[in-house]
Amino acid sequence: MTATMACRGPDDEGMWVDGPVGLGHRRLAVIDIEGGRQPMTLTQDSHTALALVYSGETYNYRELRERLAATGRHFETSSDTEVLLQAHHTWGRRDPRHAVRELNGMFAYALWDTTTRELTLVRDRLGIKPLYYYPTEHGVLFGSEPKAILTNTTTERVIDLDGLRRTLGFVADPHNAVFRGMREVPPGYVVRVNRNGIQQLRYWQLADTGHTDDVPTTVQHVRELLDDTIQRQLISDVPLCTLLSGGLDSSALTALAARFSPERIRSFAVDFVGYTDNFTPGATRGTPDAPYVQEVAKFVGTDHTDITLSTSELADPDVRAAVRHARDVPITMGDIDSSLYLLSRAIRERSTVALSGESADEVFGGYPMFHDPAYVKADTFPWLGGVAVRTETTQRLLDPGLVGKLDLAGYLDDLYRTALAEVPELTGPAADDPHERRMREICHLFLTRFLPNLLDRKDRMSMAVGLEVRVPFCDHRLVEYVFGTPWAHKTFDGREKSLLRAATADVLPPSVVQRVKSPYPSTQDPDYDQMLHDGFAALVKNRDSAVAPLLDAHAAESALDAPPADAVFGGVRFALEQILTLESFLTDYGVTVSI
């Protein structure tokens, strides 16, 4: 099980076994290279009291260390791992939530208390770091990825109808880990495992803050939070860089990092061969990134590198296999996954830690769906309107009987009603404004049911090559503050991401400040679509393929008549990616579909 995590932790490994508990760890050394080895234990009265395996970073560990030292706690290392142990020993022995609430960071960890004989599994507030568990007859198996758990011979590699629904739905479901019997530790939760069973306890959730600051004060506080967050997240004992796309989010992040970094900040951007020269504007992307990337790099003064990818690299069978292995579940974003994997691999040759602008759109309201009345008024997850054509195309390729059993529309509606019930009630003057109430719902849906998909993708593609990606816009203090602001504040200048734009305009070139939201790029090369078309054709002709029983043979053959380049973001490309990915999981990983 530990060996499956070697890609996530290439620098060291360790195990700790004590009677009924075994903790395994693979380490990516970032802070206190020599002293931070794991599993790490805390000794009391000559006996081990606590044992810990931990993934991620605690950005306020220095402040916590000072507070704990003031209470008489003694430290033997300078690592944040030891701070976690001491925090739980001091504040969390009776209830681990008291310790976890003190942490600012991205983390997933398992803590064994030798006195109470209790295992505690902890995941950060927004789900930046993954953590899975699998109840067994006598306890649980757990791991950062499903592959760690499924390697254990007591598990079964089965995807049932719920698992298929999760792979097709594009809605994060904290109660559905795709594989039958497996669960995720939900973001903002701890899971306690002892002789009495398994208990999930929430320690954090988005709440109404009764925001009373005016717009100038709000902008100023957003900037203060960003400055503090980025300074914290620059702490590293290994080379660090930023991911730069030329959009507002990554450019603001890079500019602020450059201000606080003691060294010239490195930046990296992804591009495709011939992309800028042959660029075709579309509904979601009006301009290529490259000109803006170069302008920001020059304006800020970064040590910049472009990673230019070819279609042959994106379509390389070995790359696609590596991406599927990193994904661990049959969920795919196609070439967007492959390009992020290749970008991460290239960056890892030069840096071990990268800062990313991920989540700024969810926090500040950047997506077009936030501002289109048709999406806002739709009685479902707003983004499903944008991906409906993809999901519908995939379903047309599936056996009608299976589609009926899946009842994807019913599944998604149930998820939607459950998600709405979690939205905190709006208070204050805005409570009587129907649009403000609806936008509170929209913001909550994006943060809790959309963002986790992107965070999971980024973690999987980067950690597959041993690159740690930090996401400053996910700092829970920033998320809480901006979530509590009225929608009128978030759009005070009549545009998307008004607060972020105003808070960082002084450190950016005017062209980037005014640039319209542009998504992560996808290749426009028709050769990529032809590759998918050819792969699907071979699959359809193979009546013995693992996925054949799930397909409608006639519909699959008809799909071959569609033009290979049927819109870069269209349904055909996405559907073929999904079917090919599912086939690979069934054949390469010995996964069984139970319907």
Side-chain angles (χ1 to χ4, degrees), residues 16 18-23 25 31-32 35-36 38-133 139-140 142 144 184-205 207 232 475-477 480:
W16 184 84
D18 179 31
V21 64
L23 305 180
H25 188 262
I31 293 176
D32 191 0
Q38 299 184 47
M40 185 177 287
T41 59
L42 186 150
T43 302
Q44 184 179 29
D45 300 327
S46 301
H47 297 286
T48 298
L50 299 173
L52 174 74
V53 283
Y54 159 57
S55 170
E57 304 291 347
T58 300
Y59 302 121
N60 64 333
Y61 78 98
R62 290 176 174 173
E63 298 102 297
L64 295 179
R65 181 189 175 103
E66 291 180 2
R67 288 174 54 193
L68 290 162
T71 68
R73 305 307 304 172
H74 172 70
F75 291 85
E76 297 181 356
T77 75
S78 58
S79 69
D80 58 340
T81 307
E82 188 179 10
V83 171
L84 268 182
L85 275 171
Q86 297 281 16
H88 272 279
H89 187 271
T90 304
W91 300 316
R93 296 301 289 274
R94 294 185 63 183
D95 186 340
R97 291 175 293 181
H98 296 322
V100 183
R101 291 189 182 112
E102 300 291 336
L103 309 180
N104 177 304
M106 58 177 192
F107 45 80
Y109 59 91
L111 182 79
W112 174 252
D113 190 318
T114 63
T115 302
T116 62
R117 313 301 281 173
E118 181 172 272
L119 177 73
T120 302
L121 303 174
V122 182
R123 194 173 182 198
D124 63 63
R125 293 169 177 84
L126 292 172
I128 305 168
K129 283 296 175 183
L131 184 54
Y132 295 81
Y133 68 101
V140 295
F142 67 90
S144 290
E184 281 189 67
V185 177
Y189 274 78
V190 301
V191 174
R192 303 179 78 170
V193 185
N194 53 38
R195 290 186 179 91
N196 296 322
I198 300 173
Q199 182 184 26
Q200 286 190 350
L201 300 171
R202 172 173 264 172
Y203 69 87
W204 182 85
Q205 59 187 318
R232 290 176 184 273
D475 183 285
H476 72 275
R477 301 166 303 162
E480 289 170 349

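Using modelled atom types, one side-chain atom of Asp80 and one backbone atom of Thr58 make a donor-acceptor pair closer than 3.5 Å. The backbone N or O of Phe75 lies less than 3.5 Å from no partner atom in the side chain of Glu82, so there is not a single donor-acceptor pair. A distance-only check finds a donor-acceptor pair linking the side chain of Asp124 to the backbone of Lys129 [under 3.5 Å]. Looking at Asp32, its side chain does come within 3.5 Å of a backbone N or O of Ser78 through a donor-acceptor pair. The backbone N or O of Tyr54 sits less than 3.5 Å from a side-chain atom of Gln38, completing a donor-acceptor pair. Between the Asp45 side chain and the His47 main chain, no donor and acceptor come within less than 3.5 Å of each other.
Rounding to the nearest 0.5 Å places OG1 of Thr116 at 13.0 Å from CZ of Arg94. Between Glu118 atom CD and Arg195 atom CZ the span is 10.5 Å, to the nearest 0.5 Å. Atom CD of Gln199 is separated from atom OH of Tyr189 by 11.5 Å, given to the nearest 0.5 angstrom.
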(Q) side chain to side chain contact (heavy atoms under 4.5 Å, CB included) for Val122 and Val185? Distances and angles first, verdict last. (A) CA-CA 7 Å; Val122 182; Val185 177; over 6 Å; no

Q | Chi angles and distances behind the side chain to side chain contact (heavy atoms under 4.5 Å, CB included) call for Tyr61, Leu84 | A | CA-CA 8 Å; Tyr61 78 98; Leu84 268 182; over 6 Å; no

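Smallest separation of non-hydrogen atoms from Ser79 and Gly36: CB-CA, 3.9 Å. When every heavy atom of Gly35 is checked against every heavy atom of Met40, the shortest pair comes out as O-CE, 3.6 Å. Looking at every heavy atom in both residues, Pro130 comes nearest to Ala108 through O-CB, 3.5 Å.
Residues satisfying the side-chain contact (heavy atoms from CB on, under 4.5 Å) criterion with Ala110, sequence neighbours excluded, are Val53, Leu119, Leu121, Phe142. Listed by chain and number, the residues in a ring-ring contact (aromatic ring centres under 6.0 Å, His included) with His25 amount to none (sequence neighbours excluded). With sequence neighbours excluded, the residues forming a salt bridge (Lys or Arg N to Asp or Glu O under 4.0 Å) with Arg123 are Glu184, listed by chain and number. Residues forming a side-chain contact (heavy atoms from CB on, under 4.5 Å) with Glu63 (at least two apart in sequence, or on another chain): Asn60, Arg232. For Asp18, the side-chain contact (heavy atoms from CB on, under 4.5 Å) test picks out Trp16, Val21, Trp112, Thr114, Arg117, with sequence neighbours left out.
Looking at heavy atoms from C-beta onward, Leu50 lies in side-chain contact with Leu111 at the 4.5 angstrom threshold. Residues Val83 and Leu68 are in side-chain contact: their nearest non-hydrogen atoms beyond the backbone lie under 4.5 Å apart. Residues Leu52 and Thr81 form a side-chain contact, since some pair of their non-hydrogen atoms from C-beta on lies under 4.5 Å apart. The shortest distance between side-chain heavy atoms of Leu64 and Gln86 does not fall below 4.5 Å.
Shown are Thr41, Thr90, Leu42; of these, the side chain to side chain contact (heavy atoms under 4.5 Å, CB included) with Leu85 is made only by Leu42.
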Result block: side-chain N/O donor-acceptor pairs under 3.5 angstrom for residues 99-106, not counting sequence neighbours:
from	atom 1	to	atom 2	distance (Å)
Arg101	NE	Tyr203	O	3.1
Glu102	OE1	Arg67	NH1	2.8
Glu102	OE1	Arg67	NH2	3.4
Asn104	ND2	Asp475	OD2	3.0

